[in-house]
Amino acid sequence: MITSDPAVRSAVESFDAAIAEHSLPRLESAYNSLATLPKETLAAHSRELGPHLAAQLDAMPQWHAAVYAVFVGALVEWHADAAACARPVLAGLRASMEQALEFARLWQEHYGEESEPPDPSGLPSPEQQKAFGADYAQVWHAPYFGWLSVDQWERAAVAVLADPLVRASLTAADGPADREVLLELTRRLEPHIGDLQCVQRALLLLDDEPLLVLDRASGRAFRMRMSGIADNYQLQTLLAGVLIGGGHLPGDPPSAEAVALSTSAPIDVHRPEQPSRLESFNFAEPSGRWIWSATTPDRIPVIDGVRRLVLDPPVFRHHYQAVRFLPRVPGSLVLEAVLDPAEAAPCFTGVRELMSWQEASESAADGY
């Protein structure tokens, strides 16, 4: 990496030397030199810095790699090429989750399910390492550091997954990661480590996805296309904006602010209260089974190659925050065609009556 900025060049040279010499003190010193550079300087050099640092993540010890990965994620949030950084970041996420699962297994095997494992968001503890006993280095070390670093790898992964090109590459044979493997690891790990919704929702994002919306009350259908929608609350807002705000269906349209914050407007995460909204629709599959707003749009079933969503009036209404779950990912819902009842009638073939609230509750075990 070549740069005319002497401070950046010095920090990068120290980093490269640390990697070449396998020197932890120099690696930590290089990190401090990089992290204390002015944000404006880091942003200006992020395109070169991000891929350069990311390429060496697998050459670092576990904890240091995770710390540097978060730094790479920050560089991606400025201007670094997410696609150039994605492979090592997502590989690190996978390795940390696999090691964390092994740690959970070891912990239960040695200490039982009643004993609380170390805080997964904590720092490495010399006391805990000593408590693992003589076989720490051979048995516990990698799983323990995997357990402690999942949160950091998750943050770095969400940063690269905010790029639609990275998400699209996950389906390629030579892509940077296997989406289904990562999702399965998050689901297996959550009972042990807690919430992994950020990376789950980033992995589940749909882009340029056709959507057929059937409004049961009017008999009309709407051909739409959605991208970057992280959950069905966000879809609620955008559907209400397009269909109610556009005069196609009756009801109260969302505010301009709610629509903007559900699409691409900057979100102030430190704002005490975000705008809230009442649900306008009850989402359902054509089978009549409810689709809960707390789930993601991938839950909408694909029928004849297109996701098909049935709208009913809300059975009960509650408020939700009308913002997007992933602030760096813009959401989009485009109306492509409106089908009147005569045109839409074939689309309603096989659509069943909406389940009762009691039936929906009983079948909701996998709905949240």
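Fair warning: this is a prediction, and the values are worked out from it, not measured in the lab.
You'll find the ring centres of Trp107 and Tyr111 inside the 6.0 Å limit. Residues His141 and Phe145 bring their aromatic ring centres within 6.0 Å.
Applying the salt bridge (charged side-chain N to carboxylate O under 4.0 Å, His left out) criterion to Asp215, with sequence neighbours excluded, gives no partner residue. Not counting sequence neighbours, the partners of His319 by the side chain to side chain contact (heavy atoms under 4.5 Å, CB included) test are Ser276, Leu278. Residues passing the side chain to side chain contact (heavy atoms under 4.5 Å, CB included) test with Ala35, sequence neighbours excluded: Tyr31, Phe71. With sequence neighbours excluded, no residue forms a side chain to side chain donor-acceptor pair (under 3.5 Å) with Gln321. Scored by the side chain to side chain donor-acceptor pair (under 3.5 Å) test, Glu127 finds Ser125 as partners (sequence neighbours excluded). For Asp119, the side chain to side chain donor-acceptor pair (under 3.5 Å) test picks out Ser121, with sequence neighbours left out. Looking at residues two or more places apart in sequence or on another chain, you find a side chain to side chain contact (heavy atoms under 4.5 Å, CB included) between Glu279 and Tyr233, Gln236, Ser293, His318, Tyr320. With sequence neighbours left out, the side chain to side chain contact (heavy atoms under 4.5 Å, CB included) criterion links Pro301 to Glu285, Pro286, Ile291. Remark: Glu77 pairs with no residue by the salt bridge (charged side-chain N to carboxylate O under 4.0 Å, His left out) rule, at least two apart or across chains. With sequence neighbours excluded, the residues forming a ring pair (Phe, Tyr, Trp, His ring centres under 6.0 Å) with Trp147 are Phe103, listed by chain and number.
For Ser262 (side chain) and Ala258 (main-chain N/O), a donor-acceptor pair under 3.5 Å exists by modelled atom type. Using modelled atom types, no side-chain atom of Glu98 and backbone atom of Pro143 make a donor-acceptor pair closer than 3.5 Å. A donor-acceptor pair under 3.5 Å is absent between the side-chain atoms of Glu154 and the main chain of Val150, judged by distance alone. At least one donor-acceptor pair under 3.5 Å links the side chain of Gln62 to the backbone N or O of Ala142. With Ser149 contributing its side chain and Gln152 its backbone, the two residues share no donor-acceptor pair below 3.5 Å. At least one donor-acceptor pair closer than 3.5 Å links the side chain of Ser96 to the backbone N or O of Leu93. The closest donor-acceptor contact from the side chain of Arg308 to the backbone of Leu212 lies at 3.5 Å or more, if one exists at all. Judged by distance alone, the side chain of His110 and the main-chain N or O of Leu106 form a donor-acceptor pair under 3.5 Å. Using modelled atom types, one side-chain atom of Arg324 and one backbone atom of Pro327 make a donor-acceptor pair closer than 3.5 Å. In terms of modelled atom types and a separation under 3.5 Å, the side chain of Ser46 and the main chain of Ala43 share a donor-acceptor contact.
Side-chain atoms of Ser227 and Leu206, non-hydrogen and from C-beta on, never get closer than 4.5 Å to each other.
With rounding to the nearest 0.5 Å, the separation of OG in Ser255 from CG in Leu261 is 8.0 Å. Residue Arg307 holds its CZ atom at 15.5 Å from CE of Met224, rounded to the nearest 0.5 Å. Atoms CG and OG, from Leu37 and Ser10 in turn, are 9.0 Å apart once rounded to the nearest 0.5 Å. In this structure, CG in Leu235 is found 6.5 Å from CG in Leu309, a value given to the nearest 0.5 Å. To the nearest 0.5 angstrom, Ile244 atom CD1 is 4.0 Å from Ser280 atom OG.
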Derivation of the salt bridge (charged side-chain N to carboxylate O under 4.0 Å, His left out) call for Arg9 and Asp5 | CA-CA 6 Å; Arg9 185 170 63 250; Asp5 188 294; over 6 Å; no
Please test Leu211 against Phe222 for side chain to side chain contact (heavy atoms under 4.5 Å, CB included), starting from the C-alpha separation and ending with a verdict.
-> CA-CA 8 Å; Leu211 175 67; Phe222 307 90; over 6 Å; no
Residues Val89, Val76; criterion side chain to side chain contact (heavy atoms under 4.5 Å, CB included); working and verdict | CA-CA 11 Å; Val89 166; Val76 168; over 6 Å; no
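Surrounding CZ of Arg223 are at most 12 heavy atoms belonging to other residues, nucleotides or ligands under 6.0 Å away. Within a 6.0 Å radius of CG in Asp252, other residues, nucleotides and ligands contribute 12 heavy atoms or fewer. The local environment of CD in Glu109 is crowded, with over 12 non-hydrogen atoms from other residues, nucleotides or ligands closer than 6.0 Å.
Applying the side chain to side chain donor-acceptor pair (under 3.5 Å) test to residues at least two apart or on different chains, the pairs with a partner in residues 192-207 are Arg167-Asp207, Thr186-Gln200, Glu190-Gln200, Gln197-Arg201, Arg201-Asp231. Listed by first and then second residue, the side chain to side chain donor-acceptor pair (under 3.5 Å) pairs involving residues 333-353 are Arg225-Glu336 (not counting sequence neighbours).
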